[in-house]
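Within every chain, numbering begins at 1; the chains are lettered A, B, ... in the order of the sequence lines, protein sequences first and strands thereafter.
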Amino acid sequence: MDKIKTILISGPTASGKTSVSIELAKKLNGEIICIDSMQIYRNMDIGTAKVTQEEMQGISHYMIDELYPSQMSDVAWFKDTVKNYINQIHQKNKVPILVGGTGFYINAILYDTEFSEKNSNYEMRNEFREYAFLNGTDKLHDKLKEIDPVSAESIHPNNVKRVARALEYFYETGHTISSHNTTELNKRTSNNSPYNFKFFTLNMDRQILYNKINQRVDIMINAGLLNEAKWLFDQNFDENLTAMKAIGYREFFPYFKGEIDLDTAIEKVKQNTRNYAKRQLTWFKHQANPIFVEVDKFNFEMPLIVKEILKYIE
RNA sequence: GCCUCUAUAGCUCAGUCGGUAGAGCAGAGGACUGAAAAUCCUCGUGUCACUGGUUCGAUUCCGGUUGGAGGCA
């Protein structure tokens, strides 16, 4: 049986993924799956730049509003859910178009990262984090050195999250996470993806991108971002929830508490968004092998961009 | 007009008891495989405003000039 054909449109935030994907879907009889760690949450529309009903132009979208902010997402669940949607869309004889900026999730889907083994233990994670807090990050790192020197070598002691996960993985499965990672990385290079995919990353001059980001934050403010942020703030959720880390929300919490003024909070949103865009680009450049589409070279003209992408398809 | 303070990295400021300087922020680069919009790592040469003087040597001390802030009239 032939592999299912899919198209993936990625890129940093504010690069125009949404409109490109909708134009493509119209041209290719496609449906859209959003690969975005934050658009998955309900009640967080403006700040996550979620597609609006009008923008969709009748194209079906999936993986939006699947969870409540009080729920935790994770790669394994995300990948399985997307997989199902891809199959469903394919069975309708339509083209699944994946669009999003969460590189970690994208790779998990495209390169079929193995998560079947049950090995996630949040309690253990928290214990390790507590241990590092009480005894210092180096002490936690020493524990890792004992059971998995290879991982200890590549994970910085300050990166408690990773050190804790590596330890958790070992105690849950009896194997080192470094061996698991090696296996999964080999899958990526040996091209045994379950999909026949074309992977695009939209990009543009850095300064232009930053200007777009700044402008978009202002637009979000005018569209009522503050109300959304206030709502989330008022829920009094645990600050460790993924949804509480969303840029465009958490920066306003100190403002609601009266600790900073509004302009400072808005500047912080812009800055964090810029930094995030930078991290996304680093991921796409080094953790994947996409076709880069420099949209500013096409003057941001949608027909030209779509035409460029279509050149690589079929 | 007079007096006082001030002029150092894109920004906010340290500092050098005289031997050409360093933090935070911004910015840049990177890592990443069950929290990922998360988490973490690396990167700081700039006419030390200009101009004279003292000195072996001045960004540092002294004089003047110019810009800024405050006070008195």
Side-chain angles (χ1 to χ4, degrees), chain A residues 12-14 34-41 44 47-50 67 69 71-81 100-126 128-129 132 137 140-141 151 153-166 168-169 172-173 176-189 206-207 210 213-214 217 220 232 238-251 264 267-288:
Chain A
T13 187
C34 296
I35 314 299
D36 190 295
S37 64
M38 292 301 174
Q39 293 183 357
I40 197 79
Y41 293 112
M44 296 170 68
T48 64
K50 214 177 274 176
L67 299 177
Q71 296 175 288
M72 286 291 254
S73 163
D74 77 78
V75 221
W77 167 82
F78 204 101
K79 180 195 139 185
D80 288 343
T81 314
T102 306
F104 184 44
Y105 289 3
I106 291 169
N107 278 17
I109 296 157
L110 292 188
Y111 304 114
D112 200 30
T113 309
E114 182 59 57
F115 299 118
S116 60
E117 204 170 358
K118 180 72 185 157
N119 62 53
S120 153
N121 185 331
Y122 282 74
E123 274 178 37
M124 197 184 282
R125 252 179 244 187
N126 286 333
F128 286 133
R129 192 167 60 178
T137 56
L140 187 70
H141 194 253
S151 289
E153 187 61 33
S154 65
I155 304 173
H156 193 280
N158 288 354
N159 204 343
V160 174
K161 206 182 221 182
R162 286 260 150 66
V163 176
R165 167 93 263 257
E168 172 197 350
Y169 188 92
E172 285 291 298
T173 68
T176 62
I177 200 167
S178 45
S179 63
H180 172 257
N181 290 350
T182 306
T183 312
E184 297 308 316
L185 278 167
N186 282 339
K187 283 161 72 174
R188 193 168 91 190
T189 48
R206 185 68 56 83
Q207 203 50 56
Y210 284 179
I213 286 171
N214 296 341
V217 171
M220 286 176 175
L232 194 64
D238 185 323
E239 59 176 17
N240 292 313
L241 286 171
T242 308
M244 294 295 275
K245 311 272 186 169
I247 297 169
Y249 297 88
R250 56 172 216 245
E251 293 85 356
T264 307
E267 277 313 305
K268 201 70 195 158
V269 172
K270 291 176 179 175
Q271 184 197 312
N272 285 343
T273 309
R274 279 183 252 126
N275 294 162
Y276 168 52
K278 170 67 179 46
R279 265 177 277 134
Q280 287 178 298
L281 251 7
T282 301
W283 178 283
F284 295 128
K285 273 193 281 189
H286 302 282
Q287 302 296 324

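Base contact: A/Thr48 has a heavy atom under 4.0 Å from a base atom. Nucleic acid contact class of A/Asn275 (heavy atoms, under 4.0 Å, all strands): sugar-phosphate only. Across all strands, A/Tyr210 comes closer than 4.0 Å only to sugar-phosphate atoms, never to a base (heavy-atom distances). In this structure, A/Thr242 reaches the sugar-phosphate backbone alone: every heavy-atom distance under 4.0 Å involves primed, P, OP1 or OP2 atoms, never a base. Among the heavy atoms of the strands lying under 4.0 Å from A/Ile177 are primed sugar atoms or P, OP1, OP2 only; no base atom is included. Residue A/Asn107 is out of contact with every strand shown, counting any heavy-atom pair closer than 4.0 Å. When heavy atoms are screened at a 4.0 angstrom cut-off, A/Lys285 is found touching the sugar-phosphate backbone but no base atom. Looking at heavy-atom distances under 4.0 Å, A/Trp283 makes contact with a base. Contacts of A/Asp74 with the nucleic acid, taken as non-hydrogen atoms under 4.0 Å apart, include base atoms. Counting non-hydrogen atoms under 4.0 angstrom, A/Gly248 reaches nothing in the nucleic acid. Counting any heavy atom pair closer than 4.0 Å across all strands shown, A/Tyr105 reaches sugar-phosphate atoms only and no base atom.
Rounded to whole Å, the separation between the P atoms of B/G46 and B/G10 comes to 8 Å. Between B/U51 and B/A69, the distance separating the two C1' atoms is 23 Å to the nearest Å. Atom P of B/U60 sits at a distance of 29 Å from the matching atom of B/G71, rounded to the whole Å. Going from the C1' atom of B/C72 to that of B/G15 covers 33 Å, rounded to whole Å. The same atom, C1', is picked in B/A14 and in B/U8; the two are 10 Å apart, to the nearest Å. Across the C1' atoms, B/A49 and B/G30 are found 38 Å apart, a figure rounded to whole Å. Rounded to the nearest Å, the gap between the C1' atom of B/C40 and that of B/U4 is 49 Å. Using P as the reference atom, B/A7 and B/C62 are 13 Å apart when rounded to the nearest Å.
The interatomic distance linking A/Gln207 (CD) with B/G10 (C1') rounds to 12 Å, in whole Å. In this structure, CG of A/Asn159 is placed 7 Å from P of B/C41, rounded to the nearest angstrom. In this structure, the NZ atom of A/Lys268 is 8 Å from the C1' atom of B/C25, given to the nearest Å. Regarding A/Met124, its CE atom lies at a distance of 14 Å from the C1' atom of B/G34, rounded to whole Å. In this structure, CD of A/Glu153 is placed 14 Å from P of B/C32, rounded to the nearest angstrom. Rounded to whole Å, atom C1' of B/C32 lies 14 Å from atom CD of A/Glu184. Rounded to whole angstrom, the span from the OH atom of A/Tyr41 across to the C1' atom of B/A38 amounts to 11 Å. Following rounding to the nearest Å, A/Met72 (CE) and B/A38 (P) show an atom-to-atom distance of 14 Å.
Pairing for B/U47 is absent, with no Watson-Crick or G-U wobble pair whose two atom distances lie under 3.5 Å. Across the strands present, B/U66 finds its partner in B/A7; the criterion is a Watson-Crick or G-U wobble pair with both atom distances under 3.5 angstrom. Of the nucleotides present, none pairs with B/C32 by Watson-Crick or G-U wobble criteria with both distances under 3.5 Å. If you check B/C2 for Watson-Crick or wobble pairing at under 3.5 angstrom, you find it paired to B/G71.
Looking only at distances, a side-chain donor or acceptor of A/Tyr41 sits under 3.5 Å from a matching main-chain atom of A/Gln71. The closest donor-acceptor contact from the side chain of A/Asn121 to the backbone of A/Glu172 lies at 3.5 Å or more, if one exists at all. Remark: the backbone N or O of A/Gly47 is paired with a side-chain donor or acceptor of A/Tyr249 at under 3.5 angstrom. Panel note: side chain A/His141, backbone A/Ile155; a donor-acceptor pair is recorded below 3.5 Å. Between the side chain of A/Lys270 and the backbone N or O of A/Val217, no donor-acceptor pair lies under 3.5 Å. Under a 3.5 Å cut-off, the side chain of A/Arg188 and the backbone N or O of A/Gln287 do form a donor-acceptor pair. Of the possible donor and acceptor atoms, one in the side chain of A/Glu251 sits under 3.5 Å from a partner among the backbone N and O of A/Gly248.
Distance from the side chain of A/Gln287 is smallest for B/C32 among the nucleotides B/G30, B/C32, B/A36. In this structure, the nucleotide among B/A38, B/C40, B/A31 sitting nearest to the side chain of A/Thr282 is B/A31. Of the candidates B/U33, B/U39, B/A36, B/U33 carries the atom nearest the A/Asn181 side chain, counting heavy atoms from C-beta on. Of the candidates B/U33, B/A31, B/A36, the closest approach to any side-chain atom of A/Phe115 belongs to B/U33.
Between A/Lys278 and B/G29 there is a side-chain N or O to OP1 or OP2 distance below 4.0 Å. Dashed line: the shortest gap from a side-chain N or O of A/Asn158 to OP1 or OP2 of B/C40 is not under 4.0 Å. Taking only side-chain nitrogens and oxygens, A/His286 never comes nearer than 4.0 Å to OP1 or OP2 of B/C32. Taking only side-chain nitrogens and oxygens, A/Arg162 comes nearer than 4.0 Å to OP1 or OP2 of B/U33. Put simply, A/Arg279 has no side-chain N or O that comes within less than 4.0 Å of OP1 or OP2 on B/C41. A/Arg165 has no side-chain polar atom (N or O) that falls below the 4.0 Å cut-off from OP1 or OP2 of B/A36.
For the residue pair A/Ser73 / A/Tyr105, a side-chain donor-acceptor distance below 3.5 Å is found, with atom types taken as modelled.
Nearer the 5' end of RNA chain B, as judged by each residue's closest nucleotide, is the contact made by A/Asn240, out of A/His156 and A/Asn240. When each of A/Ile247 and A/Ile155 is assigned the nucleotide of RNA chain B with its nearest heavy atom, A/Ile155 is the one assigned upstream, toward the 5' end.
The shortest side-chain heavy-atom distance between A/Ile109 and A/Ile35 falls under the 4.5 Å cut-off.
Judged by distance alone with a 3.5 Å cut-off, no donor-acceptor contact links the side chain of A/Arg250 to the base of B/A38.
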